[in-house]
Amino acid sequence: MSMQQGPMDLDQLRGSVAVVTGAGNHGIGWGLCCYAAGDLGMHIVLMDLHEKLVRAAEQRLRELYPGVQCHGLVCDVTSPAQLSAAVAQIGDVLPGKTIGAVFANAGVIFSHTIMKSTVQEWETTLRVNVMGVVNTMHAFIPLLQAQQSESIFSATASIGGLVRGDNGGASYQASKHAVVATCESLSFELARKSPQIRVHVLCPCIVASALDKTSAINQQVQDGAVSAQELEALGAGEFSLAMTPERHAVQVFDHIRAGNFYMVTDNVRPYVDHDLPFAGLAITRERHENIQQLTLDNSDAWQRRPGRAPSAIMKGPMFGEPEPVSES
Ligand SMILES: NC(=O)c1ccc[n+]([C@@H]2O[C@H](COP(=O)([O-])OP(=O)(O)OC[C@H]3O[C@@H](n4cnc5c(N)ncnc54)[C@H](O)[C@@H]3O)[C@@H](O)[C@H]2O)c1
């Protein structure tokens, strides 16, 4: 009997291809592309929804990393047909190259209470965040299975996929809990058959990005209210305690190197320059303890803090509270 995951020598990825979905804005996916190209010498296939954003990101990558090949593909991960076409295009532009890593990272968020969120927001969230990951598995896992060499398959969930449901987080968290369970299942299903594929689930805490804005704008494009030709890449955001996508990517690959399945990327040194973590694992532990006791502790709903909505998640040192005390 063995565990599927173990430490990985990342040097073996040099010259192989990293595929990253949802990397056209300056968010988590972009950071992963930069690390894979710059530190690991991987060729890059970056995917996102809109031609203009994809071309701009492709050009930036080519300027930054002239030693590797970088290609941008327009691909909507909710479409199995577009993903199949993307797989074929990768074979055309990077013939004979091994796929070393696939990051199913595209996602959306609509932060409204259950009663105020629309059916359309729920459907988009589940279609992109859950079916987008499943479709990416369907498209790429057979390729990775056909290879003898080791490869990585990672889907981006969230710390929100590990903790208790929060105020205004239901559609997002339901989708991210589904991503965590789906990655656990994939790991189980491949463990004996295809042990060369290393499955991970990425659970970031707070990374500087414009996820809320890209989600809203993509919805407006789909509704015909905004033209995709007018879009500029969005990124960063104003929260100064967030990790940059580039520093975040260092933490992701440190997890992969260490063989960690649950890649919780907290806001801790050396990945940030402050001592106010999100405390994701401590908040995750609260949920697990609740489950053991068959109890849902909702006491955070009464914690009224000036200028903040009550939250069961955003309450650690990063948000002005002491780190939750663990019993272990
Ligand atoms: N930023 C954070 O703090 C944080 C925390 C936890 C999890 N996440 C997750 O990280 C992932 C990346 O988000 P981000 O924060 O970097 O924001 P981002 O907006 O930079 O990335 C999301 C990208 O997905 C793209 N996208 C949306 N729908 C798509 C579709 N149907 N097909 C292809 N691409 C699509 C968007 O255009 C966007 O570029 C998401 O899955 C998000 O849920 C982010």
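For ligands, and for the atoms within them, numbers begin at 1 and follow the listed sequence. The first residue in the sequence is number 1, and the count goes up from there. All figures in this text were calculated on a predicted structure; none of them were measured in a lab.
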For N218, state whether at least one heavy atom is located under 4.0 Å from any atom of ligand 1.
yes
Heavy atom of A208 under 4.0 Å from ligand 1?
no
Non-hydrogen atoms of K176 versus ligand 1: any pair closer than 4.0 Å?
yes
Which segment of A242 sits under 4.0 Å of ligand 1 when only heavy atoms are counted:
neither
Atom 31 (N) of ligand 1: of D76, I109, I206, the nearest heavy atom sits on D76
Side chain, backbone, both or neither: which part of C203 comes within less than 4.0 Å of ligand 1 when only heavy atoms are counted?
neither
Cut-off 3.5 Å, side chains only: do Y262 and E184 have a donor facing an acceptor?
yes
Check whether any N or O atom of I28, backbone or side chain, sits under 3.5 Å from an N or O atom of ligand 1, and answer yes or no.
yes
Of all the atoms in ligand 1, which lie at a distance below 4.0 Å from a heavy atom belonging to G107?
22 (C), 24 (O), 27 (C), 40 (C), 41 (O)
Of the backbone atoms (N, CA, C, O) and the side-chain heavy atoms from C-beta on, which set of P245 has a member under 4.0 Å from an atom of ligand 1: side chain, backbone, both, or neither?
neither
Ligand 1 versus V77, non-hydrogen atoms closer than 4.0 Å: side chain, backbone, both, neither?
both
Ligand 1 N/O within reach of A210 N/O, cut-off under 3.5 Å
no
When you group the ILVMFWY residues by side-chain heavy-atom contacts below 4.5 Å and let the links chain together, are V134 and V199 in the same group?
no
For atom 8 (N) of ligand 1, which candidate among Y172, F103, W30 holds the nearest heavy atom?
Y172
Is the shortest distance from a Lys or Arg side-chain nitrogen in E58 or R55 to a carboxylate oxygen in the other one below 4.0 Å?
yes
Under 3.5 Å, which donor-acceptor pairs link side chains of residues 98-108 to any protein atom two or more places apart or in another chain?
from	atom 1	to	atom 2	distance (Å)
N105	OD1	T156	OG1	2.9
N105	ND2	T21	O	3.1
N105	ND2	G22	O	3.1

I'd like the name of whichever of L83, V128, N25, N267 reaches closest to atom 28 (N) of ligand 1 through any heavy atom.
V128
Answer with side chain, backbone, both or neither: which part of S209 has a heavy atom less than 4.0 angstrom from an atom of ligand 1?
side chain
Look at atom 9 (C) of ligand 1 and find which of L73, T156, T124, L49 reaches it with the closest heavy atom.
T156
